[in-house]
Every structure is written in C-alpha cells, then in structure tokens.
Amino acid sequence: MDVKGQYLPLDKLRLAMQVLDPCMDDYLFILDLHTRWYEISESAVSRFRIPSDEFYLDEKQLADQVYRKDLEMIIQDLKDIADGKKTRHDLQYRWIGADGEPVWINCRGRVLGDSDGNPEFLIGCINEIGRRQKADNVSGLIVAASIQKVFDELVANHENGYILRLDIDNFREINEKLGIEYGDRVLRDTARCIESVLGEKQYLYHITGDEYAVLDFSSTCDEDVRNLYRRIRKAVDHYVVETGFTVFFTLSAGIVHITPADTPDYATMMALAEFSLNEAKKRGKNTHYFYCAEDFRAFMHRKMLLHELRQAVIHDFRGFDAYFQPVEDIRVGKLYGAETLLRFTCENGSPVSPAEFIPLLEESGLIIPVGRFILRKAMEFCKTMQEKLPGFKVSVNISYIQVLKSDLIGDLSRYLEEYGLSPQSMQMELTESGLFETDSSYTRFCSSLKELGIPLALDDFGTGYSNFHYLYHIDPQIIKIDRSFTLKALNHGYEFTLLRHMVQLTHSINSKMCIEGIETRDELDKICELEPDFIQGYYFGRPYPAQEFYAKYLN
Ligand code: C2E
Ligand code: CA
Ligand code: CA
C-alpha cells in the first residue's frame, strides 16, 4: 500500500536528510515525479558529478551524471515509474564521480502516490557498492580495505611497528573435508583466537579467504612480535583441542617491520608481507618468516630470470644452447661419446648457471619444451659425429618432470626416426631419486626406454638417495659418479674404498661405471686404480659448443 501524498511529511524527510547526512555513508533522495525536481543529501554534491543538492533531473542532467552505458536503462526505469508501471526502484548502476570516474551505486526507492493514487514522489537511498565491503560477516572483522587508513595514520604519527600476514595452512582441506559452512566457522573462530591474544595497539583485519593481517604497533622488537605469533599459535592449538580435533590446522605468518623512516607505501608493504608469508609457507608452514631484503632480491631475481626463460622459449629458444663434454673410454683410451649440457645466456649477454635455471625450468614446466629442444640438438650433433665416428654415443640429461608430465618415449622414437639414428646412439641420464621406488610412471618409463633400446644411465650416484636395492629393478647400463663424490673419494680413504666397492658392484650387475670430475693427471691415475669404464672431466675436455667439439675431435 503506497502512502498518499497528503500524509507524506516531506518537510520532515528533508529535515532528516540534513540531520542524518553527516552520520551516514549513504545518500537519501526525493524525486518529484511531476516536476522532476530532485533533492539529495548534501554530501553527495562533492562525491558525484551533480550541480548541487537540488536540481532538475531531466534527460540532459541524467546524461551528465549517469555512466553512458547505464543511461538507457535508468531512463527507461524512471519512465516506467512515472507511468505507474512500477512502484519500486531497485537498480545497480554507475554514476559519474566528481573526479569523472564511474562509481557503482545501489539505488533503491519506493513510489509515493498523490491523493488520486498517481505516482508523485520517488524517495529512497543510494549507497556506494564499493564502499559497503567494510566488514566481513564470515570472520566478523573489518576487511583489508580499512587497513590502509589505520596504516597511513600510524605511519604518519611516526609509529614503529610490524605487520603480520597470517594464513591458515591447508584451509582448502578443511572446506573439502568438513564443508564450507564448517570452514566459515573456522574462519570466524580463528579470528577470535587471534583477537583473544591481542593487546593495545594491535589490530586485526581479514584480508581474503583464510588470510588475516595484524597491524602491531605495540611490539618494539622482533622478539616481541615473535612472541605474539607464538601466542596466536597457542590460541589456535587450544581451539583445535577444544573441537576434539574435529578440525586440525596451523597458521603461518609473514612479518614485516614497519619503520616510518624507510617504510614504503601501503601497497608495497602488503606485497612484502605477502612475500614473507609465502616464504614462511616454503619453509614448511606452521612457522613465521621475517622479511629480509636479501631474500626478496633473490626472489625478484628468480622471478625476472623465469620471465626471461619464458620469453626465450617463446622466441624460438633464443639464448639456449647445447654444449657437449667428451666422455673417454678409459679401457681402450679412446673417445666414447659426449654428454649434452644445456646453457643459457641472458639477453644482456651474461651466462646463467644450469644449477640456477634448471630448477626454474622444472618448477615452471618449461623443461618440457626445452627438453625437446635439447634432445633435437643432441641428435643433430650425434648424427654429425657418427659420420666420422660411427659408434659415437650422446647422452642427454632428463628431468623427472619430463618423465612424469610429458610423452618422452613418444618424442624419443619420433626424433630417432627423424634423424635416422639407432637407439643405441643415445643414452638417457636420470638422476637417482626416491621416485624410482615410489612412482610407478618412473619405473614404467625405464622399461619403455629399455623396450625402445635406449640405454639408461643412473646419474649423480652416491650424492643423495642411494638404494642398492632398486638398482636391480632399473638395471641401468651405466652408473655415473658425481664430481662431489669423486672429490671425496680422492681425498678420503673411506670414500675411496667405498667407491672401489661401488665399481665392483656395478660390474657385478653388468653395468658400466663412469666417473665424473677428473681434472688432473694425478686424479686420473688414482681413479684408474679402481678400474672404472669411463671418465668425464676437464682433464679430457670441457663442455664445448658443437662447432668447437667438431673442430677438436673430428680432425
Ligand atoms: P651433471 O649431469 O652432473 O653434469 C656434469 C656437470 O659437471 C656439468 O656441469 C659439467 O660441466 C661439470 N663438470 C664435468 N667435468 C667437470 C670437471 O672436471 N670439473 C668441474 N668442476 N666440473 C665438471 P653443468 O654443465 O654446470 O651442469 C650442471 C647440472 O645441470 C648437470 O649436472 C645436470 O644435472 C644439469 N643439466 C645440465 N644440462 C641439462 C639438461 O639438458 N637437462 C637437464 N634436465 N639437466 C641438465
Ligand atoms: Ca649428467
Ligand atoms: Ca653429475
């Protein structure tokens, strides 16, 4: 039932608009549907592109104040209201702000009729959609948008402090196992746990999902804030016990020191806090990490390098190259083959160590296309070498990512055919790792390789995971001893004896032994006492570009 005009205390409404305006974020309005006279809370004048708090809302004015794309919709709605087709107005659309930028508003109102029941007034309320997200009903906290204000004020007051960015470890699992509703409860209770240990000048905010931030302007040293984190964790542990372990979770924290002297702006601050939180996660979760500029530089460096690697892959592998290091057959004193080693040079011309860029290629999956690139380079090189040295073998390092995430066997058989090479011309080097035992696709790869006829070399033997038991299962044709172990054997009696037994073991399972990292004649003589089969090291040759290798070994 619409209120009739004569009962409408318009003057009281106008008074309310004036009195309430300073207490409200919202704007009240009255539109006279006969005259199009429009009145709005005074505070709207500075916010939107409107001439004053009273004006004619004709189409020209609407065109000025409403975002162009929404104009037609709003004109139609007002027309329907004036024609009596609608008695309610409820739209979300954009006004133009005083700064010329669109502002999303939620405009709701109801129609008041005159004594004949014809529509006379539209009165209602406008609020800004973007502004409304001030609190989060799930955690019951003030949301991140409000942190900045407090942050800026505190920093302006030259306060020292900390920001802790907290995150529930494995929150997704809670949602998955116990349902979203229970997850929401955990979010709310976690906020309470954190809040329960906060003191003066320590403020809690909800950032997104399962992330919180505490602005701590009470702690005066790292130890204080570390204790705060410990108290938070204790409160959470206590809560977990209270639920009877229905739910189990931990919290990680990234902590940044805020000093007015060298604290960057709010956005940078939050980014550093996020970086720190990620570092805490990387360090195994349920722990905290203090922002450290050096770590951050290394992180940024890796990020830039990854970007460059990605660009390189996109641009036809620019900057990537294959080098070849000779492998000597020590039994007959002749060149046996070569190991393919990947090289990368930055656009600025500086080389990057494989130890640095290969993990990045693996993490990003780029090792798959780059792995194909290196395979082709290796086969091309092998083809050329075999023209003069028919039995020449080229080995290629294979990353576990290629084994697990790509059709390496398919690639290999295609390339062998393409280059007209026999499978025995190649050799795949796989680093020993627990994967051989735990991942069936790893062992499957090894047997497919055998079926295809490509020899397998077990790389870096003796450095990390060594389990003689699985040697029998993978049955490698070659076992390679890494330079780090060679050095130990050259310098310590125990490791030297161990290496002697390893050579014997290798021979007993009909495999061959290749020892890496031999740099001098003395080292060679000493290692040869152990009767290995192959030697790879600077003594016989460094890794060379293909052309240089041809020049050295084909003439
Ligand atoms: P790796 O497979 O153990 O390769 C042997 C490494 O020892 C090479 O380092 C080689 O240059 C170095 N080396 C050989 N002889 C000597 C020596 O006498 N003295 C010294 N000081 N070093 C010697 P590089 O080229 O830096 O490669 C490092 C690692 O990067 C390789 O270790 C391998 O794990 C990885 N890598 C290289 N190329 C590829 C590739 O194409 N794919 C994959 N997945 N990994 C690769
Ligand atoms: Ca290798
Ligand atoms: Ca090695």
Side-chain angles (χ1 to χ4, degrees), residues 309 312-313 317 319-328 330 336-345 351-382 393-406 408 411-412 415 426-433 435 445 455-464 476-490 513-524 526-527 532 534-546 548-549:
L309 290 166
V313 170
F317 303 96
F320 283 108
D321 200 3
Y323 273 47
F324 302 93
Q325 184 177 29
V327 176
E328 181 84 358
I330 209 74
Y336 172 76
E339 175 174 3
T340 315
L341 293 160
L342 186 57
R343 294 289 176 266
F344 182 70
T345 313
V352 187
S353 152
E356 190 177 357
F357 72 77
I358 286 178
L360 284 180
L361 292 178
E362 289 180 334
E363 278 166 33
S364 60
L366 288 171
I367 194 72
I368 291 172
V370 174
R372 293 194 184 109
F373 163 85
I374 202 86
L375 263 182
R376 292 166 146 271
K377 287 279 176 196
M379 292 202 188
E380 194 182 301
F381 170 77
C382 188
K393 285 183 191 296
V394 173
S395 72
V396 179
N397 292 287
I398 298 295
S399 155
Y400 70 100
I401 299 287
Q402 290 168 275
V403 174
L404 301 181
K405 305 247 164 90
S406 75
L408 194 51
D411 290 343
L412 279 167
Y415 298 157
M426 303 304 291
Q427 182 175 292
M428 297 299 115
E429 297 195 8
L430 270 175
T431 304
E432 54 151 359
S433 83
L435 286 174
F445 171 77
L456 175 76
L458 194 56
D459 208 1
D460 294 350
F461 198 77
T463 47
Q477 275 84 337
I478 294 199
I479 290 176
K480 297 188 79 171
I481 298 294
D482 189 66
R483 172 175 152 78
S484 55
F485 194 80
T486 308
L487 282 180
K488 278 188 203 148
L490 286 168
M513 175 63 91
C514 176
I515 295 190
E516 284 184 324
I518 298 298
E519 296 185 349
T520 65
R521 179 79 222 185
D522 285 352
E523 287 173 357
L524 180 68
K526 187 157 185 202
I527 282 297
F534 308 111
I535 298 283
Q536 184 181 339
Y538 292 174
Y539 178 74
F540 287 108
R542 292 185 169 254
Y544 304 111
E548 217 171 301
F549 199 100

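Both ligands and their constituent atoms are indexed starting at 1 by order of listing. In this chain, numbering begins with 1 at the start of the sequence shown. Predicted model only: the values in this text are computed from it and were never measured.
Nearest heavy-atom pair, A457 versus Q427, reported as atom, atom and distance to 0.1 Å: CB-NE2, 3.7 Å. Among all heavy-atom pairs drawn from Y538 and P543, the shortest one is CE2-CD, 4.1 Å.
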Donor-acceptor pairs are to be reported for all side-chain atoms of residues 367-378 against protein atoms at under 3.5 Å, with residues two or more places apart or in another chain.
residue	atom	partner	partner atom	Å
R372	NE	D411	OD2	2.8
R376	NH1	E418	OE2	3.3
R376	NH2	E418	OE1	3.3
R376	NH2	E418	OE2	3.3

Identify all side-chain donor-acceptor contacts of residues 351-366 below 3.5 Å with residues at least two apart in sequence or on another chain.
residue	atom	partner	partner atom	Å
S353	OG	A355	N	3.0
E356	OE2	H301	NE2	2.8
E362	OE2	S399	OG	2.8
E363	OE1	R302	NH2	3.2
E363	OE2	R302	NH2	3.4
S364	OG	L360	O	2.8
S364	OG	L361	O	3.2
S364	OG	L366	N	3.3

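Atoms of ligand 1 found under 4.0 Å from any heavy atom of G517, numbered from 1 in the order shown, are 16 (C), 17 (C), 18 (O). Against a heavy-atom cut-off of under 4.0 Å, G537 is close to the following atoms of ligand 1: 15 (N), 18 (O). Below 4.0 Å from some heavy atom of R343 lie the following atoms of ligand 1, by number and element: 11 (O), 25 (O). Here is the list of ligand 1 atoms found below 4.0 Å of a heavy atom in P543: 11 (O). Annotation for ligand 1: atoms under 4.0 Å from non-hydrogen atoms of L342 are 37 (C), 38 (N), 39 (C), 40 (C), 41 (O). Near S399, the atoms of ligand 1 lying under 4.0 angstrom from a non-hydrogen atom of the residue are 44 (N). Using a 4.0 Å cut-off to heavy atoms of D482, the atoms of ligand 1 that qualify are 3 (O). Within ligand 1, the atoms closer than 4.0 Å to a non-hydrogen atom of D460 are 3 (O), numbered from 1 in the order shown.
E516 places a side-chain heavy atom less than 4.5 Å from the side chain of E339. Side-chain contact check for Y539 versus R521: some heavy-atom pair is nearer than 4.5 Å. Here the side chains of D460 and E429 are not in contact, with every heavy-atom distance at 4.5 Å or above.
To the nearest 10 degrees, the Ca ion (ligand 2) sees OE1 of E429 and OD2 of D459 at an angle of 90°.
Taking 3.0 Å as the criterion, E516 does not count as a coordinating residue of the Ca ion (ligand 2), since none of its N, O or S atoms falls below it. Here D460 does not reach the Ca ion (ligand 2): none of its N/O/S atoms is less than 3.0 Å from the metal. With 3.0 Å as the limit, N397 counts as an N, O or S neighbour of the Ca ion (ligand 2).
Residue contacts with ligand 1: E429 is placed with no nitrogen or oxygen under 3.5 Å of a nitrogen or oxygen of the ligand (distance criterion only). Checking only distances, Q402 never comes within under 3.5 Å of ligand 1, N or O to N or O. An N or O contact shorter than 3.5 Å is missing between E362 and ligand 1 by distance. Checked against a 3.5 angstrom limit, the closest N/O atoms of N397 and ligand 1 fall inside it. Residue Y539 has no N or O atom closer than 3.5 Å to an N or O atom of ligand 1.
With N397 as the fixed residue, the side chain to side chain contact (heavy atoms under 4.5 Å, CB included) test singles out one of L341, L342, L430, T431: L341.
Nearest-heavy-atom check against atom 27 (O) of ligand 1 across P354, S353, P326, S484 picks out P354. The residue among L487, T340, I358 with a heavy atom at the shortest distance from atom 36 (N) of ligand 1 is I358.
The aromatic ring centroids of Y544 and Y323 lie 6.0 Å or more from each other.
With a heavy-atom cut-off of 4.0 Å, R483 touches ligand 1 through its side chain alone. Of all the heavy atoms of E339, the ones lying under 4.0 Å from any atom of ligand 1 belong exclusively to the side chain. Neither the backbone nor the side chain of T431 comes within 4.0 Å of ligand 1, counting heavy atoms alone. Under 4.0 angstrom from ligand 1, the non-hydrogen atoms of L341 come from both its backbone and its side chain. Counting heavy atoms closer than 4.0 Å to ligand 1, residue D459 contributes side-chain atoms (C-beta onward) but none from N, CA, C or O.
Using a distance-only test at 3.5 Å, with no hydrogens or angles considered, no donor-acceptor pair links the side chain of S395 to the main chain of M428.
Checked against the Ca ion (ligand 2), the N, O or S atom of E339 at the shortest distance is OE2.
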Evaluate the criterion side chain to side chain donor-acceptor pair (under 3.5 Å) for residue pair D482 and S484; output intermediate values, then yes/no. CA-CA 5 Å; D482 189 66; S484 55; 2.8 Å; yes

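The neighbour count for K405 NZ, taken as heavy atoms of other residues, nucleotides or ligands under 6.0 Å away, does not exceed 12.
Judged by distance alone, the side chains of Q325 and Q536 do bring a donor and an acceptor atom under 3.5 Å apart.
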